[in-house]
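Scope of the values below: all heavy atoms of this structure, side chains included, with no hydrogens, waters or symmetry mates.
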Amino acid sequence: MSSSVRVTRTSSSRLSETALETAQFGTIFSDHMLIANFENGQWREAEIIPYGPLPLPPAPIALHHGQTVFEGLKAHRTLDGRIAMFRPSENCARLNRSAARLVMPEVPASLFLNGIAELVRLDREWIPEREGGALYIRPVYFAIDESLQVRPSSQYRLVVLTCPVGPYFAGRINLVVEERYVRAFPGGTGDIKPAGNYAGSLLASCEAQERGYQNVLWLDGIERRFIEECGMMNVFFVIDGAVVTPPLSGTILPGVTRDSVLTLLRDMGKTIEERPVAIDEVFELYAAGRLTEAAGVGTAATIAPIGRIGYRNREIELAPVGSDSLLERVRMKLEAIRTGRETDRHSWLMYL
Ligand SMILES: Cc1ncc(COP(=O)(O)O)c(C=O)c1O
């Protein structure tokens with residue numbers, strides 16, 4: 001793929017075995033970053049420069065009024081030694097849906113895809129070789145006009161960072177149902193990725209952690225009855241052997257992993273129900289032995305099985321997943337496609 005990215009290489013790489021093997025998710029950054037600026041109504045040539053601080057005036061609109069959106073995707077090694085990104089065009093499309101909602105200009109797909117491809121190629125040594133290892137790619141796109149007026153900026157910056165990562169969660173996740181705070185509401189920004197959504201969710205996750213859970217199970221903002229997402233992931237249940245997930249009704253982020261999981265389940269001929277799932281229903285079905293699996297799905301974790309769910313003064317605990325569990329089989333299938341062990345029938349991999 002051709003690219004018009006100007007590259008300035010670092011003179012001293014920070015790459016180390018320790019960084020690759022032990023880095024906690026998103027805490028160690030690779031040697032380079034991509035920067036592109038939007039000024040005077042157009043995108044300037046993108047640049048790759050050594051990772052480091054960026055000058056920031058005190059009054060960019062992004063900082064004061066939150067005109068900032070971001071994405072998250074991964075590049076990884078395949079078994080034949082090549083490097084691939086997983087469905088990057090989907091992240092580009094979602095970044096632009098987020099941008100449109102916050103009145104930000106579209107990021108050209110060529111800039112996003114070529115720029116990231118060039119960045120990953122340059123820092124390819126940072127992709128861990130261990131199983132489940134990947135280079136997490138974080139595009140962040142923000143308003144840089146210096147102004148305290150509440151208005152869309154005229155100038156913007158796209159920055160792309162990468163981090164070596166291992167598997168996100170070790171083991172099952174435990175969640176508590178959140179009844180006080182809401183993540184999203186109809187007409188809001190729950191179906192896109194502005195930074196503010198995540199700031200708004202921090203108090204709920206901190207309180208959940210104080211209570212011994214990793215994160216929350218979000219309910220809808222109107223009735224506080226229907227399950228929407230879990231932490232920063234989409235949620236799936238297996239009920240009577242069918243896979244059930246809440247529908248994309250405008251308050252749920254359309255996850256790339258969610259879509260991939262649904263596609264694979266259809267390929268496997270499984271029954272899928274995209275329908276509202278009430279929290280009471282989950283507890284009733286569990287008691288009747290009809291709810292057998294639940295998992296959070298997203299780029300960082302891929303498919304993370306759910307262990308305990310706390311709700312008011314009750315708690316349920318799902319049985320540990322075996323290799324015969326449905327969602328575990330989908331996880332393994334996804335992993336086989338990612339690594340090239342299984343044919344990529346849907347052309348999800350973009351090889352670099
Ligand atoms: C709120 C939320 N839901 C779901 C997801 C999963 O989306 P994806 O599979 O595209 O990573 C994410 C991660 O981006 C998220 O932040």
Side-chain angles (χ1 to χ4, degrees), residues 3-40 42-75 91-92 95 98-99 102 104-105 107 111-128 134-148 152-166 193-199 202 232 299-300:
S3 161
S4 62
V5 185
R6 216 163 357 121
V7 179
T8 308
R9 284 169 179 268
T10 182
S11 53
S12 54
S13 173
R14 291 171 293 104
L15 181 63
S16 74
E17 200 64 27
T18 329
L20 292 190
E21 294 310 318
T22 60
Q24 278 198 353
F25 186 89
T27 57
I28 293 193
F29 298 93
S30 321
D31 280 332
H32 299 90
M33 59 187 181
L34 177 86
I35 311 242
N37 289 322
F38 182 90
E39 297 160 3
N40 301 322
Q42 57 184 354
W43 284 97
R44 302 269 163 221
E45 189 188 6
E47 253 192 290
I48 290 177
I49 59 172
Y51 176 84
L54 288 171
L56 191 67
I61 286 179
L63 214 50
H64 292 259
H65 301 137
Q67 202 187 7
T68 304
V69 299
F70 71 96
E71 268 305 323
L73 63 157
K74 280 177 176 172
N91 296 89
C92 181
L95 182 77
S98 299
L102 297 201
M104 300 167 74
V107 177
L111 163 60
F112 185 93
L113 296 172
N114 294 345
I116 293 179
E118 193 73 32
L119 180 69
V120 173
R121 270 196 288 266
L122 187 61
D123 279 339
R124 58 190 298 147
E125 299 306 322
W126 285 83
I127 307 177
L135 199 63
Y136 180 79
I137 302 163
R138 166 51 62 87
V140 59
Y141 176 32
F142 53 97
I144 55 175
D145 275 7
E146 285 183 76
S147 171
L148 299 185
S153 184
S154 63
Q155 302 175 87
Y156 295 89
R157 182 166 297 154
L158 172 73
V159 177
V160 184
L161 311 169
T162 67
C163 307
V165 296
K193 281 180 79 70
N197 281 7
Y198 299 82
L202 290 175
M232 287 160 284
T299 295

- Message: Can you tell whether the side chains of R6 and E45 come within less than 4.0 Å, N to carboxylate O?
- Response: yes

- Message: In the structure I gave you, are the side-chain heavy atoms of L63 and L56 within less than 4.5 Å of one another anywhere?
- Response: yes

- Task: Taking the side chain as every heavy atom from C-beta outward, state whether E47 and V5 have any atom pair closer than 4.5 Å.
- Result: no

- Message: Using a 3.5 Å distance criterion without hydrogens, assess whether the side chain of R14 forms a donor-acceptor pair with backbone atoms of F29.
- Response: yes

- Taking K74 for its side chain and T299 for its backbone only, find out whether a donor-acceptor pair lies under 3.5 Å. yes

- Message: Please check: side-chain N/O of H32 versus main-chain N/O of T10, any donor-acceptor pairing under 3.5 Å?
- Response: yes

- Any luck finding a side-chain donor-acceptor pair between N37 and W43 under 3.5 Å? no

- Message: With heavy-atom distances below 4.5 Å as the criterion, would you say the side chains of V120 and L135 are in contact?
- Response: yes

- Task: Without swapping roles, check the side chain of T68 against the backbone of F142 for a donor-acceptor pair under 3.5 Å.
- Result: no

- Query: For E71, does its backbone N or O pair with a side-chain atom of N91 as donor and acceptor, under 3.5 Å?
  - Reply: no

- Query: Any Lys/Arg nitrogen of E39 or R44 sitting under 4.0 Å from an Asp/Glu carboxylate oxygen of the other?
  - Reply: yes

- Query: Any sub-3.5 Å donor-acceptor pair from S30's side-chain atoms to T162's backbone N or O?
  - Reply: yes

